[in-house]
Amino acid sequence: MTEHKNTPESSSIDDTIARILAADEAAKSAEPAAEQIVEQQEDFTTDEEAQRRSGILGGRARELSGADIHTDHDGDQYDLFERRNLRRVEGLSTELEDVTEVEYRQLRLERVVLAGLWSGGSAAEAEYSLRELAALAATAGSTVLDGFLQRRATPDPGTFFGSGKAVEIKEAVAELGADTVVVDSELAPSQRRGLEDIVKVKVIDRTGLILDIFAQHAKSREGKAQVELAQLEYLLPRLRGWGESMSRQAGGQVGGAGAGMGSRGPGETKIELDRRRINTRMAKLRKQIAAMKPAREAKRANRRRNAVPSVAIAGYTNAGKSSLLNRLTDAGVLVENALFATLDPTTRKAVTPDGIGYTLSDTVGFVRQLPTQLVEAFRSTLEEVADADLILHVVDASHPEPEGQIAAVRTVLADVDAHQVDEIIVLNKADAAEDHVIDRIMRREPHVAVVSAHTGEGIAELKERISAAIPRPNLEMELLVPYDHGEVVSRLHAEDAEILSSAYEEAGTRLSVRVRPTLAAELQQFQVES
């Protein structure tokens with residue numbers, strides 16, 4: 001048996017392992033720092049408000065509280081399994097202090113601090129908005145460490161927040177070890193740059209965060225093209241960084257062909273090349289999206305020609321639209337307790353309780369301050385809602401502010417000219433909602449259905465409401481179909497006709513039916529006097 005000797009190599013590896021373990025212990029001990037910072041901040045005027053803000057980020061974001069719960073109607077959920085296999089691991093780092101650490105390095109999720117401006121409305125509304133931002137950050141794959149709200153009438157033109165609050169955020173970022181600040185609004189390029197100069201870490205706004213989530217979840221070719229176009233439209237006016245690494249102006253004889261003072265330097269030339277490249281890519285994406293549009297329009301025109309009623313499911317993100325589609329049609333669409341879990345529209349065939357067929361389409365979810373770039377990029381997809389005969393407006397009845405969700409969705413529906421389509425408010429998650437919230441909405445809205453896509457409560461009533469609201473066969477005919485034309489009787493049992501009565505006579509089958517105009521022309525030869 002040989003005696004083990006400590007070589008310089010083994011000592012170096014042992015030291016590396018010890019250093020990594022010590023860093024992990026230090027990170028764990030820093031976890032309670034968020035609670036200490038909340039206690040130190042004096043921006044709120046009362047202890048109650050300070051406690052409320054600390055509760056915004058206490059544990060998982062409230063919008064994502066609870067685990068994913070699936071029913072048999074959701075299918076096998078293979079897409080969800082695949083998505084989670086690709087998700088990054090929380091609390092680990094990719095930073096290497098020495099090349100020998102390559103075998104021990106770990107992945108780290110972005111650690112973010114949230115910041116919002118309370119410029120109007122109630123404190124509760126500002127809290128809801130910041131809590132929703134926390135849910136967006138968690139969906140994007142970040143770890144939320146702390147959140148700030150500043151009461152200020154108007155944003156600061158230079159840094160969005162006041163100078164004192166910006167310094168306070170900087171101190172929290174340094175103490176918590178955060179690497180990103182997420183602002184609950186859309187920042188001007190100058191405000192983003194000014195705030196980054198103070199906090200010394202990356203700053204992104206609400207729009208950039210939503211675009212990142214869309215980029216992660218888009219799966220279809222059309223969806224990916226739409227998201228990339230929206231990202232480039234957002235990026236184009238925000239190109240920056242060349243002022244530090246390259247000069248924007250050339251002095252003396254530095255410019256091309258000795259142009260002299262004030263000529264363009266390498267930084268200006270580089271940013272112009274980037275702008276041109278982005279504009280070229282945007283033009284190509286617009287052509288691709290336009291080329292995909294005819295296929296969708298052809299399917300829509302075919303449904304119109306056959307007079308197939310169309311029902312669109314719209315609503316706030318994470319309100320349960322995909323779960324409702326699965327419950328009504330057994331579509332097996334991906335269901336996840338996350339914001340913007342599904343982006344690609346899904347259309348499925350459905351049948352009313354009395355046998356009338358229609359199509360049911362799930363659409364992308366909406367959110368407060370939905371980026372205008374996304375509305376424009378997804379306009380071809382949102383046309384499914386504008387062309388529908390009925391909209392099922394799904395609302396999370398368990399949310400603290402469902403009226404705010406309804407208003408946000410209707411704002412986007414108005415942007416795509418869908419505000420005149422008949423609408424049924426579907427209060428989902430009734431099993432987790434409070435009765436007084438449901439009663440309040442039912443008093444405000446004329447057409448409300450209370451359901452739970454998880455338990456199946458109210459689904460039968462909702463199907464009856466859909467059956468009564470969609471266009472139905474409206475031409476009554478009295479037919480006498482000879483027995484040797486059984487295919488006609490079989491055709492009348494399809495989903496676009498309604499048989500009122502039937503009787504068997506010597507000459508054939510006598511039928512009283514309601515049909516659509518396209519089918520009525522085919523049945524003229526069998527029509528008789530009633």
Side-chain angles (χ1 to χ4, degrees), residues 33-34 36-45 49-50 52-54 56-57 110-121 123 125-134 136-137 140 142-212 231 233-246 248 267 271 368-373:
Q36 299 174 5
I37 288 185
V38 169
E39 295 175 358
Q40 295 171 0
Q41 293 164 350
E42 302 295 337
D43 193 34
F44 282 76
T45 56
E49 289 172 338
R52 182 165 61 244
R53 187 189 64 186
S54 65
I56 294 174
L57 304 174
E110 285 185 303
R111 299 162 61 87
V112 304
V113 169
L114 311 180
L117 211 59
W118 174 16
S119 56
E125 291 173 352
E127 175 190 327
Y128 293 150
S129 183
L130 196 65
R131 185 182 291 130
E132 184 176 83
L133 186 69
L136 288 167
S142 301
T143 303
V144 180
L145 303 178
D146 199 3
F148 294 82
L149 277 175
Q150 182 182 27
R151 182 66 180 269
R152 186 183 175 94
T154 57
D156 183 271
T159 59
F160 192 76
F161 300 101
S163 57
K165 177 58 66 176
V167 172
E168 189 177 346
I169 295 173
K170 173 188 176 182
E171 294 172 353
V173 165
E175 185 166 351
L176 292 172
D179 50 32
T180 306
V181 173
V182 184
V183 179
D184 191 21
S185 184
E186 183 168 346
L187 298 178
S190 59
Q191 290 173 327
R192 178 180 173 184
R193 184 165 55 248
L195 189 57
E196 280 187 345
D197 290 341
I198 295 177
V199 299
K200 303 301 182 184
V201 294
K202 179 174 65 176
V203 174
I204 64 174
D205 57 15
R206 185 185 182 95
T207 300
L209 181 60
I210 293 174
L211 289 172
D212 181 62
Q231 286 181 312
E233 288 178 343
Y234 173 76
L235 175 65
L236 187 59
R238 291 170 173 81
L239 290 176
R240 61 191 179 88
W242 306 117
E244 297 177 359
S245 58
M246 297 182 185
R248 299 289 292 274
I271 204 169
R368 291 181 185 86
Q369 304 176 44
L370 187 67
T372 55
Q373 298 94 336

*Asks:* Just by distance, do the side chain of Glu186 and the backbone of Asp205 share a donor-acceptor pair under 3.5 Å?
*Replies:* no

*Asks:* Which heavy atom of Pro189 sits nearest a heavy atom of Pro237, and at what distance?
*Replies:* CG-O, 3.6 Å

*Asks:* Which residues satisfy the salt bridge (Lys or Arg N to Asp or Glu O under 4.0 Å) test with Glu125, sequence neighbours excluded?
*Replies:* none

*Asks:* Set out, in order, the CA-CA distance, both residues' side-chain angles and the distance that settles side chain to side chain contact (heavy atoms under 4.5 Å, CB included) for Val112 and Ile204, then state yes or no.
*Replies:* CA-CA 10 Å; Val112 304; Ile204 64 174; over 6 Å; no

*Asks:* Quick one: does Val144's side chain get under 4.5 Å of Val182's, heavy atoms only?
*Replies:* no

*Asks:* Under a 4.5 Å cut-off applied to non-hydrogen side-chain atoms, are Leu130 and Trp118 in contact?
*Replies:* no

*Asks:* Examine distances only and state if a side-chain atom of Arg192 and a backbone atom of Val203 form a donor-acceptor pair shorter than 3.5 Å.
*Replies:* yes

*Asks:* Please check if the side chain of Arg206 supplies one atom and the backbone of Leu136 the other of a donor-acceptor pair under 3.5 Å.
*Replies:* no

*Asks:* Would you say the side-chain atoms of Asp179 pair up with the backbone N or O of Arg111, donor to acceptor, closer than 3.5 Å?
*Replies:* yes

*Asks:* Does the side chain of Asp184 reach to within under 4.5 Å of the side chain of Leu114, using non-hydrogen atoms?
*Replies:* no

*Asks:* Measuring from atom CG of Leu176 to atom CG of Asp146, what distance do you get when rounded to the nearest 0.5 angstrom?
*Replies:* 6.0 Å

*Asks:* Would you compute the distance between atom CG of Leu133 and atom CG of Leu209 and round it to the nearest 0.5 angstrom?
*Replies:* 6.0 Å

*Asks:* Could you walk me through whether Lys165 and Glu168 pass the salt bridge (charged side-chain N to carboxylate O under 4.0 Å, His left out) test, one step at a time?
*Replies:* CA-CA 5 Å; Lys165 177 58 66 176; Glu168 189 177 346; 3.2 Å; yes

*Asks:* Find out whether Val181 and Phe148 are in side-chain contact, i.e. whether some heavy atom of one side chain is under 4.5 Å from a heavy atom of the other.
*Replies:* no

*Asks:* Compare every heavy atom of Ala166 with every heavy atom of Leu195, then report the nearest pair and how far apart it is.
*Replies:* CD1-CB, 4.1 Å

*Asks:* Identify the two heavy atoms, one from Pro157 and one from Ser190, that lie closest to each other, and give their separation to 0.1 Å.
*Replies:* O-OG, 4.1 Å

*Asks:* If you compare all heavy atoms of Phe161 against all heavy atoms of Gly116, which two are closest, and at what distance to 0.1 Å?
*Replies:* CE2-O, 3.5 Å

*Asks:* To the nearest 0.5 Å, what is the distance between CD1 (Ile169) and CD (Gln150)?
*Replies:* 7.5 Å

